[in-house]
Amino acid sequence: MNHQPRRSSTMQGPRVCDIREDGMAAKRDDRKAFEALLRVKPGSKVDLGRFDCAATFGREKGPTTDELSQVLARLTDLQARIWAEAKHAVLVVIQGIDAAGKDGTIKVIAGAFNPQGTPVTSFKVPSALELAHDYLWRVHQRVPAKGEIGIFNRSHYEDVLIVRVHALVPEERWRARYEQIRNFEKMLTDEGVTIVKFFLAIDRDEQRQRFQDRVDDPTKRWKFSPADLAERSRWDDYSVAFSEMLRETSTSYAPWYLVPANRNWLRNLAVGEILADRLDALNPQYPPAAAGVEGTKVE
Ligand code: AMP
Ligand code: MG
């Protein structure tokens, strides 16, 4: 097994988290709420090549374990209310390059929820039936119902990512999808769906180490496919596609959060805290008792 210490990406030169449209760099020790810090402002020019995927924002791993358990406890309480109230639907979208930690994030975050109210959908290579429909067909069916927090592991965004990188449809088709996706998400939002999108950013060297771990560790080997190396060789093409996706589809109503994901503990904390803050903003309440229930003595 490969357990070498992880090299910090900051060794490759100064990096910033320049995700604010005013171009100001968020400082690495900026201790603001992750929701404000990592939200991609609409139209931001995101340069993933300069993004510090190992940023910690002054948080530390030790105390973070406590912080994470507090965040998970908040999530448990909020989800119970959302489920009981059955008023809001919440759609959590998780994207990121291979080995960015999508599965690990879902395991930790969804672990705080009652599985009954938490449908998780993993979008794979489309089936023949799916390909015979428009690209949003399979996605729309999986949008959560009121009371549910639905999690997408990959999503309709693959249709402007892998589809673009492999030229699976002509450029005018995938380019038109940015606007279509904005409109689709606007419609969902207007109809009562809260959309929270996370992009997990690891750097190239981190992916190399994670792939190597998968090869070397028999319990992880099943996750690795030789095709992953072919995708890895298109790293720069993916970077361009990710950056453009973030710029084109981070909106006021369905923002992307750009999460430094080289460190799993920071990633989990950031995703958990942002989601808890967004759920809090819905102010979910347990429904009032039906008339005559209060004070009833059950014989
Ligand atoms: P994994 O997440 O490792 O299970 O792999 C799923 C694979 O399905 C990834 O390589 C995705 O890029 C691919 N995939 C997901 N959605 C699409 C899509 N709409 N078109 C083509 N490939 C897709
Ligand atoms: Mg894979």
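Remember, predicted model here, so these are calculated numbers, not experimental data. We count ligands from 1, going down the list as the structure has it; atoms in each ligand are counted the same way.
- Residue V125 touches ligand 1 through backbone and side chain together, judged by heavy-atom distances below 4.0 Å.
- Relative to atom 23 (C) of ligand 1, the option among L131, V139, I162, V160 with the closest non-hydrogen atom is I162.
- Of the protein's non-hydrogen atoms, the one nearest atom 12 (O) of ligand 1 is E158 OE1, 2.9 Å.
- To the nearest 0.5 angstrom, R234 atom CZ is 8.5 Å from I162 atom CD1.
- In this structure, atom 4 (O) of ligand 1 lies nearest to the protein heavy atom K124 NZ, 2.4 Å.
- Annotation for ligand 1: atoms under 4.0 Å from non-hydrogen atoms of V163 are 20 (N).
- Taking CD from Q207 and SG from C53, the interatomic distance works out to 11.0 Å, rounded to the nearest 0.5 Å.
- Of the listed residues (E244, E171, E158), just one forms a salt bridge (Lys or Arg N to Asp or Glu O under 4.0 Å) with R164, and that residue is E244.
- Looking at D134 and R173, no side-chain N of the basic residue comes within less than 4.0 Å of a carboxylate O on the acidic one, giving no salt bridge.
- The aromatic ring centres of F57 and F34 sit less than 6.0 Å apart.
- Rounding to the nearest 0.5 Å places OG of S155 at 8.5 Å from CG of L91.
- For ligand 1 and D159, the ligand atoms under 4.0 Å from any heavy atom of the residue are 19 (N).
- Taking atom 3 (O) of ligand 1 as the reference point, the nearest protein heavy-atom neighbour is R154 NH2, 4.0 Å.
- Nearest to atom 16 (N) of ligand 1 by heavy-atom distance, out of R138, Q95, K223, H156, is R138.
- Shortest contact from atom 18 (C) of ligand 1 to any protein heavy atom: P126 CD, 3.4 Å.
- Taking only nitrogen or oxygen atoms, main chain and side chain alike, S155 does not reach within less than 3.5 Å of ligand 1.
- For the atom pair Y238 OH and D98 CG, the distance stands at 7.0 Å (nearest 0.5 Å).
- Few gaps surround CD on Q285; more than 12 heavy atoms of other groups in view lie less than 6.0 Å from it.
- At a 3.5 angstrom cut-off on N or O pairs, K102 does not count as close to ligand 1.
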